[in-house]
Amino acid sequence: MAETTARITIVGLDLIGTSIGLSLRENAGNYQVIGHDREPSQMNEAKQLGAIDSTTWNLHSACDGASLVIATEPLSELPEFLQQIREDVAEGAVIMGIGAVMQPALEIASDNLPEGIHFVAGRPVYVDVSSQPEPRSDLFKDCTFCIGAATQTESSALELVSNLLARLGAKPLYIDPLEHDGIVAAVDQLPEILAAALFQGAYEAPGWNESQKLAGRRFALSTALDASAAEMAAALFANRDTILQRMDLLSGLLESWRGHLSAEDAKPLEEALDGLMDGRAKWERDAKLRDWDRLTEPTSREDYGNSLGQMFFGSLLRGRAGRRDPGRSDKDPRARR
């Protein structure tokens, strides 16, 4: 009896989704990759790049019978998204939500998914600090890929995610969701707030019409905002307690730098900068080498499954059948919105 081809659905064909599709199709297995995005242009581009086998504008059709759904839905839209697809995916399916913070996403999943459908939070860490990445099949090669899950998550779900990351060439970092969000507040979300504040300070100041002519690469890098206002606001607000603590710490540091600038000479400023530049250079060097030693290894491979060498999906999904509402008609298009 022939083995059933598994369905992987990628919802959100942005940099992350398209790159995952490219990698999965380059490393072919017994699965097909379905793509969905709100923007037809995104779907067309992903199809032209060869990142997906097929696309559909209908979210329900895209997720129907899917054993793995990889979604980059904004946190603010995650509840509605999960409610819409929970009756479409296969029995025992894994939904991998990729976003800025983990604990709020896991709590949303707990409230909106039925028993037997597993949710795992993920966040890739881009190590190319010198350029703007574009979709490519090796985007995640040797990349640290943070994975968080609820304590009751079945090992088979984490095994499936391990297989996925092995296909991507990524290095899994299984991390406590709260610990992850605390770290992200410092290294990702506080820089977002600073970027917004820096741009606001320049944009709203008198003379912006002239100032913008002198703004170059440093200003562009320092004020980059990579997501929509709604997406950023939802993630920042969900992690606000930790971010506020980091902002209090930053306020103290800014006072120290004010003191360096207020000194009688430049010596305190030079000493402060000298003490940080070596550390910054080392971090950038390590990031380019993509070698974080044992920090990127799973806490315990036995805990999360050790079948990375077997065919992706393989026996894990054998025998699973799609879940379908008996009262639902196959002819019902059920558009997403």
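Just so it is clear, the values below take in all heavy atoms, side chains as well, and ignore hydrogens, waters and symmetry mates. Please read all numbers here as calculations on a predicted model, not as lab measurements.
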Are the side chains of [Y] and [X] in contact, using a 4.5 Å heavy-atom criterion?
| X | Y | answer |
| --- | --- | --- |
| I70 | L164 | yes |
| R218 | S222 | yes |
| Y174 | S162 | yes |
| F145 | P124 | yes |
| V125 | R123 | yes |
| F81 | V69 | yes |
| I117 | R86 | no |
| V120 | L160 | no |

Could you tell me whether the side chain of [X] and the main chain of [Y] form a donor-acceptor pair under 3.5 Å?
| X | Y | result |
| --- | --- | --- |
| H118 | T153 | no |
| T223 | L198 | no |
| R7 | D64 | yes |
| S23 | I20 | no |
| Y31 | L24 | yes |
| D181 | M102 | yes |
| D176 | E179 | yes |

**Request:** Check the angle between the aromatic planes of Y203 and W208 and answer parallel, tilted or perpendicular using the 30° and 60° thresholds.
**Result:** perpendicular
**Asked** What residue pairs, at least two apart or across chains, pass side chain to side chain donor-acceptor pair (under 3.5 Å) with a residue in residues 230-254?
**Response** Q189-N239
**Prompt:** Is a salt bridge present between R136 and E26, judged by a nitrogen-to-oxygen distance below 4.0 Å?
**Reply:** no
**Prompt:** Is the shortest distance from a Lys or Arg side-chain nitrogen in K282 or D286 to a carboxylate oxygen in the other one below 4.0 Å?
**Reply:** yes
What's the shortest heavy-atom distance between [X] and [Y], and which atoms?
| X | Y | answer |
| --- | --- | --- |
| A66 | T9 | CB-OG1, 3.4 Å |
| C146 | I175 | CB-CG2, 4.3 Å |
| T18 | P135 | CG2-CB, 3.8 Å |
| A196 | L225 | N-CD2, 4.1 Å |
| M247 | L190 | CG-CD1, 3.6 Å |
| L158 | A149 | CD2-CB, 4.0 Å |

Distance check, rounded to the nearest 0.5 Å: [X] atom [atom1] versus [Y] atom [atom2]?
| X | Y | atom1 | atom2 | answer |
| --- | --- | --- | --- | --- |
| R38 | L13 | CZ | CG | 11.5 Å |
| D14 | E45 | CG | CD | 10.5 Å |
| T56 | H36 | OG1 | NE2 | 8.0 Å |
| M232 | I193 | CE | CD1 | 8.0 Å |
| D226 | E192 | CG | CD | 7.5 Å |
| E87 | H60 | CD | NE2 | 10.5 Å |

In the single-linkage hydrophobic clustering (I, L, V, M, F, W, Y; side-chain heavy atoms under 4.5 Å), do [X] and [Y] co-cluster?
| X | Y | result |
| --- | --- | --- |
| I108 | L113 | yes |
| L68 | L22 | no |
| L59 | I34 | no |
| V184 | L178 | no |
| L236 | L244 | yes |

**Message:** Determine whether K47 and M43 satisfy the following criterion, side chain to side chain contact (heavy atoms under 4.5 Å, CB included), listing intermediate values before the conclusion.
**Reply:** CA-CA 6 Å; K47 190 69 180 295; M43 290 195 290; over 6 Å; no
**Message:** Assess the residue pair I95 and I85 against the criterion (side chain to side chain contact (heavy atoms under 4.5 Å, CB included)); give the C-alpha distance rounded to whole Å, side-chain angles, the decisive distance to 0.1 Å, and a yes or no.
**Reply:** CA-CA 10 Å; I95 300 172; I85 71 167; 3.7 Å; yes
**Message:** So, using ring-ring contact (aromatic ring centres under 6.0 Å, His included) as the criterion, who are the partners of W257 when residues are at least two apart?
**Reply:** H260
